[in-house]
Amino acid sequence: MNERFAFVEAIQNVYVQTTADFPVAIGELVSSTKGEWYGSVYSSQGSSVRITPLDSPEQLKIGDHLHFLGSSTLPQVETIPFGSVIDPLGRILQSLNISPSEKTGTLASVSKSFWGLGRLEQAYLLKQGKTILLMGDEKVDSARFLAKSLERQHADCLYVVCQGGLRELSRFIDAARLGGALQRTIFLWSPPWQHAISGAMIAHCLTRLITGHQEGSTLILFDDLRRWLERIRETSEESPQLLMPHGFSPETRGLLTHLMELPHSLANTSLLCGWSRDPLAPRLRSHPFGPLVEHLTDTGLCLSGDEERYRLTSDSWGTPLQITKSKEMLEKKIGHCDDERKVYMELLQDLIDCFYLEVDPNRLDDEAPFLWSEKEHLNLEKLLESSRASSLEDITVLQNKIKLASLERYSKPREIFEQWLNSRSEVVSS
Amino acid sequence: MNLSRIGSQKVISADDTHITVLHLPGAHLNEIVTIETDTGETVTGHITSLSQDRCEIRLCDNHDLIHRDHLTIWRHHREADMSIKPTLTIQDSETESLSFITGVMPWDCLFPLNRGHRILVSAQRSQIADKAGITLIRAALRDGQIPVCSATRPTQKERERLLEFWQSQGLDEEHLLSAHSQTSAYSVLRMVHESVKKAAFLASTGHDVCLVITDVEAWFDLFCEDLTLQGRFLSRKGMVSAFHGELCQCLDTLADWSRQVTVVVIQPWQENEKNSLSLQELRTYFDVALFSLDDGSVSLDGEVMAPSLTQRQKEASLLRRQFKMLSRQVQQYLLEAEDLPDDLEEFQKNLNLFLSHYEVQEEVCENNEAAWRLLQGLHEDRLLRIPLSLLRDRISPFLAE
C-alpha cells in the first residue's frame, strides 16, 4: 500500500501548509497520525499543499506527520448507531443511554404526525419528501418549534442538526426522550465555538448517514439554516477564496443547494429547516440567498406574534389549505370595508386565528388538529357577504359565551364558534 | 509546575503590535508566551503563526518602549492558563431549579426567574451601571447568591460606583473584575474568561453564584479588536458569527453547574443604533430577555425562552399577554383621540407605576399577586387572554377585601 504522509511546515489559524510529493485531491481529508486532528485540502500548487483545519490547529506542531486519507468523509459514518451525538465529520461524541421507558416516551397520548408541527399543519399542504422552512420574527426562536416538532413526529429515522451550544443540544435530546424518538435519532452537533468550517461538512455527512441507514421515512431537522450560512461566510472571509459582493464565497451556493435538495436526491427524505431572522434584514428575500432558499423550499411557514403566541404571516408560501384560503378571503375583505364592519371582521379573524392557527411554542398543540373544511369556508363566505346576520353586538355575545367556556381548552369554545358560524350562515340563507 | 523554561532571543523583527522570533522549539499556535525586556518588564504575547523555525507573536499587553535586541521570548506564561473549554454534558431536565426571587416587583411578577437562568438585560446606555448591574447584584445578594462581576468597559465614574457598592456590601474584591479604558483587548477577554472560571470554581464548591457581565457590546468590540490583531480580518457579520462562539463558549463552560450559576449579561442600547441590532440575535442563547424603557421602567416586551416553564411562569406569560392587549387598546384610543374609558385609564396609570418599581423591594413578592391586582378594576369582558376560571380564582381574594 502506498503511504501518503507529509510533514507540517507552517501553521496559521486559517491554514496548515505542507509539501506532498504525491498527487492530492482538493477536498480530501488529512489527519494527524493519531487521528485526533483533521483538515481538508483546499489548494495545491506544485508540491506545496494548503489544508483548512477542521479541528483547532493548536494541536499541531511544526514537523508533525500528516496522513492524506484520499476521501472527503470519514469511512465509518454509515455505521453510526442511532442515539448518538456526532460531529460534522461523523465522529461519535457521545452515545446516549436509552432506558426502556424512554423507548415509548412520556408523550404517548399526544397526537403525532410526520412533521409534528401540530396546528401549523392545517394551514398548508405538507407532504412527505419535501422541504419546509420555518421562520419567525426576531422574537420567534425556531429551535423551540423544532424541538416541539421532534416531540410529536413519527418518522422512522431522524437526523437533528444542532448549531447551538450545549443548552440547545440538551433541548433537542430532551424532546426526543419525551417523544420516545431517541432510539431512532442521530444528533449532528456543530457548536458555535468549534471551527466554523466543520459546518460545511454537514451536508456531506448527512448524505452518507442517510444512505447508510435508509429504512422507511427519514426526517432531517436542521437548526438553523441562516446560522449555517453565516458560519460559511465567516470561514469564506478568512480563506483566500474570491468572494462575491455580498461577502459569501461562490462555493456557498453549491453547499446550500446540496443541502436543500437532499429530499430530491435521497428517497423518502424530508427536510425541516429553521431560519432565524436577521435583525438587519428581516425579510427572507433581503438575504443574499433568500430568493434561492425560497425557490428550493416547498413550503415556508413564517411566524410572528407580539403577544407571545404566534400566527402565520402573509409572507408564508406553499399550497394553502382551506383555512388559509378563508383567512386570505377575510383579510381581503377587511381592506375594503367601513370601520364598523372592519372591527367585526377583525374580531372574527382573531377567533379563527385563536382556534385554528395560533401556536404557542411551549405547547404546540395538545389536541388533535381540527380540519377547517369546505363547509366552514362557504359558511364564512356567506357571512362576510351579508351584513344582515353580522352585527358587532352579535359577535360580542359570542365572545362572552366563548369566554365562559374558558379558553384553557380549545375544543369547547371552538365547538361554540362552529355552532355560531353555522347558525349565522343559516340566517343568511333564509 | 513546569520548571524548565524554553526561550529565544533571536528576534528578527518587531513593530507596535507584532514581533517575529526564530528558534522557539515545540511552540504551538495560539500559545501564550512571555516577552521579557532587558529591564525585567514582562509583556504577554500570543503566537499567531508558525512557519518552519519562525514564530510570529502578537503583543497582547500595552507596553511603553521595547527594543528588539533586548528581548527574550519565553514559552509558558507565568499566569494560569485562562482558556476555557466546555465539556459535552447532557443536562438532566428532570431536576427543577429553584426560583430566583429578585425583589424587583415587575420582574418577579411578570418575568419570574430561576436560579441558573441565563438572563440578557437590555438597558439604555446611561443606566447600565446604576440600574441594571447594581440592581441585579443586590437582588442576587438577597437571594443568597455570591455575585461575580466582570465590567468590560466601565467609565471611571461607573467603576468607582461599582467598587463603592462592592465595599459597602462587604463583598470579596477578587470577585469584581473591572477593566480600564486603556486595558488591552486581550486582557479584557481574559478577564471575562477569568470571571467565568471564578464562577465555575465557586459553584463547584457548592455555592450559588450570580455572574454579571457588563456590557456585551464592549465585549464584542474588544473581541473584534482581538480577532483583528490575530490576523483574522472579518466583516462585521463575520465578527458577529465568531462572537456567537465566544459567548456560547463562556455560557456552556458553566453548563455543569447550570442550576447553580445564574448568568446575567447586560446589553446597552441606543435608539436607532444599527450595531446593537446585529447583536440581538444572541438572544437565542438566553432563557430570559429583559428590557428597560427610556425612563428606566421595565418593558412588557421582554421574553422568556426557557425550555420549560413553571406554573408561576405560565401565569406570568398570560398576564403579560393580557397587559400587552390592554396597553394596545389604550394606545388605540389615544391614536383616535377618543376619551379613554375610566377603567382603562386607571389600569394604564397603575401599570406604569407598577413597571417603574425597578428597585429591590424589602417586601419579597413570591407570587404574581401584585400583577393580578392591576386587573381588579377591569370588567371581565376586557380580559380575554386569561382563562376565566384562573382569573376569578386569582382576583376574588382582592374583591373580598
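Since the structure is predicted, the reported quantities are computational estimates derived from the model, not experimental observations. To find a chain, count down the sequence lines: A is the first, B the second, and so on, and within it residues start at 1.
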Trainee: Ignoring hydrogens and geometry, is there a side-chain-to-backbone donor-acceptor pair from B:Asp252 to A:Leu166 under 3.5 Å?
Mentor: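 Checking the backbone N and O of A:Leu166 against the side chain of B:Asp252, a donor-acceptor pair under 3.5 Å is found.
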Trainee: Kindly indicate whether the side chain of A:Pro192, heavy atoms from C-beta on, has any atom under 4.5 Å from the side chain of B:Gln249.
Mentor: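 With C-beta onward as the side chain, the pair stays apart.
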Trainee: At a heavy-atom separation under 4.5 Å, does B:Met239 approach chain A through its side chain, its backbone, both, or neither?
Mentor: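 Contact with chain A involves no heavy atom of B:Met239 at all.
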Trainee: Run A:Glu234 and B:Arg232 through salt bridge (Lys or Arg N to Asp or Glu O under 4.0 Å) and show every step you take.
Mentor: CA-CA 10 Å; A:Glu234 184 194 332; B:Arg232 297 177 65 187; 3.7 Å; yes
Trainee: Heavy-atom pairs under 4.5 Å with chain A: which of B:Phe323, B:Phe286, B:Phe243 has the most?
Mentor: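 When all of B:Phe323, B:Phe286, B:Phe243 are compared, B:Phe286 has the most.
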Trainee: Residues in side chain to side chain donor-acceptor pair (under 3.5 Å) with A:Thr235, at least two apart?
Mentor: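 For A:Thr235, no residue satisfies side chain to side chain donor-acceptor pair (under 3.5 Å) once neighbours in sequence are set aside.
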Trainee: With chain A as the partner, which of B:Ala289, B:Ser241, B:Gly245 has the greatest number of non-hydrogen pairs under 4.5 Å?
Mentor: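 Option with the top pair count is B:Ser241.
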Trainee: Under 4.5 Å between any side-chain heavy atoms of B:Asp287 and A:Arg167, yes or no?
Mentor: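 They are in contact (side-chain heavy atoms under 4.5 Å apart), so the answer is yes.
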Trainee: Is there any residue in residues 11-18 of chain A with a non-hydrogen atom under 4.5 Å from a non-hydrogen atom of chain B, and which ones are they?
Mentor: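 Within residues 11-18 of chain A, near chain B: A:Ile11, A:Gln12, A:Asn13.
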Trainee: Look only at the side chain of B:Arg54 and the backbone of A:Ala10, and say whether a donor-acceptor pair between them is shorter than 3.5 Å.
Mentor: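 A pair under 3.5 Å: no.
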Trainee: Would you mind reporting whether A:Asp278 and B:Lys237 have side-chain heavy atoms less than 4.5 Å apart?
Mentor: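 They are in contact (side-chain heavy atoms under 4.5 Å apart), so the answer is yes.
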Trainee: According to ring-ring contact (aromatic ring centres under 6.0 Å, His included), who are the partners of B:His244, at least two apart in sequence or on a separate chain?
Mentor: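 Residues passing ring-ring contact (aromatic ring centres under 6.0 Å, His included) with B:His244: B:Tyr285.
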Trainee: Return each pair, listed once, that meets salt bridge (charged side-chain N to carboxylate O under 4.0 Å, His left out) where at least one residue sits in residues 7-18 of chain A; pairs must be two or more places apart or across chains.
Mentor: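 As it turns out, there is no salt bridge (charged side-chain N to carboxylate O under 4.0 Å, His left out) pair with a partner in residues 7-18 of chain A once direct neighbours are skipped.
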Trainee: Which region of A:Leu60, side chain (C-beta onward) or backbone (N, CA, C, O), has a non-hydrogen atom less than 4.5 Å from a non-hydrogen atom of chain B, or is it both or neither?
Mentor: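 A:Leu60 touches chain B through backbone heavy atoms alone.
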